[in-house]
2 protein chains.
Amino acid sequence: MTLSARPTLSQVADLAGVSVASVSRVLNGLPASREMTTRVRAAVDSLGYTPDARARSLKVGRTEQLVLVVPDVGNPVYTGLMRAVAAVVKDAGYRLLLSTGNSEVAEEIAILDGLSSGYADGVIISPLRMTEPILQALQRLRHPAVVIGTPPAAVPLDAVQADSAAGVQLAMQHLVDTDRHRIAFVNGPVDTVPGTARQRGFDRADERLLAGAGRRYAAAAFTVDAGRDIAERVLDDRPDAVLCANDLLAFGVMRVAHSRGIRVPDDLAVVGIDDTDLAAVVSPGLTSVNLGSGERGAAAARLLLARIADPDRPAERVVVDPWLTVRESSTPAREGDR
Amino acid sequence: MTLSARPTLSQVADLAGVSVASVSRVLNGLPASREMTTRVRAAVDSLGYTPDARARSLKVGRTEQLVLVVPDVGNPVYTGLMRAVAAVVKDAGYRLLLSTGNSEVAEEIAILDGLSSGYADGVIISPLRMTEPILQALQRLRHPAVVIGTPPAAVPLDAVQADSAAGVQLAMQHLVDTDRHRIAFVNGPVDTVPGTARQRGFDRADERLLAGAGRRYAAAAFTVDAGRDIAERVLDDRPDAVLCANDLLAFGVMRVAHSRGIRVPDDLAVVGIDDTDLAAVVSPGLTSVNLGSGERGAAAARLLLARIADPDRPAERVVVDPWLTVRESSTPAREGDR
DNA sequence: AACGTTCTTGTAAACGACTACAGCGGCAAG
DNA sequence: CTTGCCGCTGTAGTCGTTTACAAGAACGTT
């Protein structure tokens, strides 16, 4: 089975009684006589010939493969991204390699450096932390690369970024509009890309809307468990709304609220960020800021394809606007309650 | 940047003043004098040389890449699988290509057939439906392949399968043990791999434990929305427990229960299948049958690696035992309630 | 001193496809 | 009947590695 040798160009050529060059030309749509075309086609069909991707990529210098690097394949935060990238990449006729850095900077760097063996034509990376080593790895990369995140403005990299600050502002405005004023902000680690951006967004919105009265908390990680841990402290402070830096944290908070008998949304509004698939699944549905992860993935893929097509184009930054998906977790407290 | 030519073996050889063969030998750990080794190493370092994966794979006939085909990249049902496969594959030094058939048989077949171009060394596929065309595509494949699912016993394929029937039995036993007797079974489409297996499992368990009194429902798809749609009808029949063929359906049911004021688990126990990450996230936490998707993914990856190492080994089938993760959605109705 | 080992190293031929170049026939213009 | 052009096809070199083979060096044995 695995042993049977695949037919090669020259076998097709022999069978058709023509040269390998002619076969190659027919297959690549270069000019050839009608007679030639039909003979080659026949031989190709009868042998079940398929060009060898390995040989082809050696010769033409392209692999038709792109890499997507995410911190964690299984994290719902990245599934929207993955789906969108996969779709765009596939439509463009490329294959998609999925690499996970396991949330380790060293692994992410190893992946970027490994690309120098030329196994793919370009890379999209969504680094968890935008550290100096990552930026250096990106800059010594000889391949087209697109970053999902916000590298320093001075670095000439194609990048797609969310507008976290605007997203946080959206959520805060919504909470204030629905008459919530004791708003707690539960962030994850501040030394991460999303952590800093969301913190800055909250600080600004807090200043503007609450005159700086909002309370801030930092969970140990962007996970449900971390959300649960911090929720104990947060809920002790009796807020009427909690804005979480991502959906997972929000779920953690909702669970603790549930077990304490705090009703959502009646007693407490909860809002998340990322609008993962899960937000629509839980009861009550979680209001969440959609940072356009699908849009960002698609945009990143398109930027990468554009750069591959023209390596000399100037670096471009795309900012995707967020929107708010309102679900039950933040609808106004029902009349007659209380 | 992209333009600068990568150094090649012969450039390294020139710089070191030795032949390309020697460089290749040093790099591949074949015997070489100490002197030779140090000279080559120095030249490699000073040029920043990395072997070209394309040329290498042409010559050695391997790509060091494996493909994983799943119906939908973003579906939480597959994330455990993906994570496990990614980990095993990476540890073995292979890269992972992720392909999605978009839940279309035709696309899955196209991916399998496309493999004949040799862009990867093997494939793991988790087909949504185990149809004849898929089986044929698998059999004409010249590459090692492992199926996650249950192909007909007569077909000599490496496969990893869940024991859905045992899983359903586990769930049913748990419900009966916790004093639930009006049990409804909400399946997805029966013409799918999971659909048939779970239906069979329920029929058997129903016979054994409820003397055939269980009611059966079939949702239009394995999704939250389909679960929500069918739940209206299911709940009208006033069961005291609902066993759903996957977690997403269960979430749909829980939402409708929530909106109707039916308390889970007090009035209604809900159990899902797949034990996705989401099950631990929702409130109340969803009791779910874990069919060992991580274990299956890891097993599939190992089977594939074993077959690549020895193409002549007999086809092997691995069955992964399920277990039940009990969460709040099915804990006994509280004392003093009602 | 001649010979056989053993160990290193270099030469050159692959792997399978693409493509620059040259060769060939046919045809129209002179 | 040349000449020139054009369109098609084949020859052969190339992409960057790996590896079979052979040549050469170093050494011990007789």
Side-chain angles (χ1 to χ4, degrees), chain A residues 2-41 43-44 47-65 115-121 142-143, chain B residues 2-41 43-44 47-65 115-121 142-143:
Chain A
T2 314
L3 311 163
S4 70
R6 306 183 334 92
T8 70
L9 243 205
S10 68
Q11 289 179 35
V12 174
D14 287 352
L15 180 61
V18 301
S19 75
V20 291
S22 297
V23 178
S24 176
R25 273 188 290 258
V26 169
L27 262 35
N28 293 356
L30 297 174
S33 67
R34 167 180 304 276
E35 151 83 359
M36 172 66 73
T37 306
T38 57
R39 300 186 61 163
V40 170
R41 284 268 136 72
V44 164
L47 288 176
Y49 169 80
T50 322
D52 186 310
R54 298 180 292 259
R56 185 162 209 291
S57 65
L58 169 58
K59 181 61 191 176
V60 304
R62 277 173 292 119
T63 57
E64 317 275 64
Q65 298 185 157
L115 202 63
S116 69
S117 72
Y119 68 81
D121 302 338
R142 300 162 124 94
H143 291 259
Chain B
T2 314
L3 310 162
S4 69
R6 305 184 336 94
T8 70
L9 245 205
S10 69
Q11 289 179 34
V12 175
D14 286 352
L15 180 61
V18 301
S19 75
V20 292
S22 297
V23 178
S24 175
R25 274 188 290 257
V26 169
L27 262 36
N28 293 353
L30 296 174
S33 68
R34 166 179 304 276
E35 151 84 357
M36 172 66 71
T37 306
T38 57
R39 300 186 62 164
V40 170
R41 283 269 134 74
V44 164
L47 288 177
Y49 169 80
T50 322
D52 185 311
R54 299 180 292 259
R56 185 161 210 291
S57 64
L58 169 59
K59 183 61 191 176
V60 304
R62 278 173 292 119
T63 57
E64 317 274 64
Q65 298 186 156
L115 202 64
S116 68
S117 73
Y119 67 82
D121 302 339
R142 300 161 122 94
H143 290 259

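Every chain is numbered from 1 and lettered A, B, ... according to where its sequence line falls, protein lines coming before strand lines. Values reported hereafter were calculated over all heavy atoms of this structure, with side chains retained and with hydrogens, waters and symmetry mates removed. Being a predicted model, the structure only gives us computed values, none of them experimental.
When the side-chain nitrogen and oxygen atoms of T8(A) are compared with OP1 and OP2 of dG16(C), none of them lie within a distance under 4.0 Å. Distances shown here put every side-chain N or O of R25(B) at or beyond 4.0 Å from the OP1 or OP2 atom of dT8(C). Residue R56(A) has a polar side-chain atom (N or O) positioned under 4.0 Å from OP1 or OP2 of dC18(C). Residue S33(A) places no side-chain N or O under 4.0 Å from the OP1 or OP2 atom of dG7(D).
Residue R6(A) contributes atom CZ, which lies 9 Å from atom C1' of dG16(C) at whole-angstrom precision. Atom CE in M36(A) sits roughly 12 Å away from atom C1' in dG7(D) (whole-Å rounding). Atom CG in D14(A) sits roughly 12 Å away from atom P in dG10(D) (whole-Å rounding). When the P atom of dC15(D) is taken as reference, atom CD of Q11(B) falls 11 Å away, rounded to whole Å. Put simply, CG on D52(B) is 14 Å from C1' on dT14(D), counting in whole angstrom units. For the pair L58(B) CG and dT14(D) P, the interatomic distance rounds to 17 Å; values are reported in whole Å. One atom, CD of E35(A), and another, P of dC8(D), lie 13 Å apart when rounded to the nearest Å. As a whole-Å value, the separation of R39(B) CZ from dT8(C) P is 16 Å.
Side-chain contact between L27(B) and Y49(B) is present, with heavy atoms from C-beta onward closer than 4.5 Å. Contact annotation: the side chain of Q65(B) approaches that of Q65(A) to within less than 4.5 Å [non-hydrogen atoms, C-beta and beyond].
Checked by distance alone, K59(A) brings no side-chain donor or acceptor within 3.5 Å of a matching partner on the base of dT19(C).
Nucleic acid contact class of S24(A) (heavy atoms, under 4.0 Å, all strands): base. Using a 4.0 Å heavy-atom criterion, one finds that R54(A) contacts no nucleic acid atom at all.
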**Request:** Show your working on side chain to side chain contact (heavy atoms under 4.5 Å, CB included) between V23(B) and V18(B) and close with a plain yes or no.
**Result:** CA-CA 7 Å; V23(B) 178; V18(B) 301; 3.8 Å; yes
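With distances taken from any side-chain atom of A21(A) to the nucleotides dC15(D), dA17(C), dG10(D), the minimum falls on dG10(D). Across dA17(C), dT18(D), dG10(C), the shortest atom-to-atom separation from the side chain of V20(B) is found for dT18(D). With distances taken from any side-chain atom of L9(B) to the nucleotides dG10(D), dC18(C), dT18(D), the minimum falls on dT18(D). Considering only side-chain atoms of Y49(A), the nucleotide from dT18(D), dA17(C), dG16(D) that sits closest is dA17(C).
Between the side chain of R62(B) and the backbone N or O of D121(B) there is no donor-acceptor pair closer than 3.5 Å.
Heavy-atom distances to DNA chain D give each of A55(B) and S22(B) a nearest nucleotide, and the one nearer the 5′ end belongs to A55(B).
The CG atom of N28(B) sits 10.5 Å away from the CZ atom of R25(B) when rounded to the nearest 0.5 Å.
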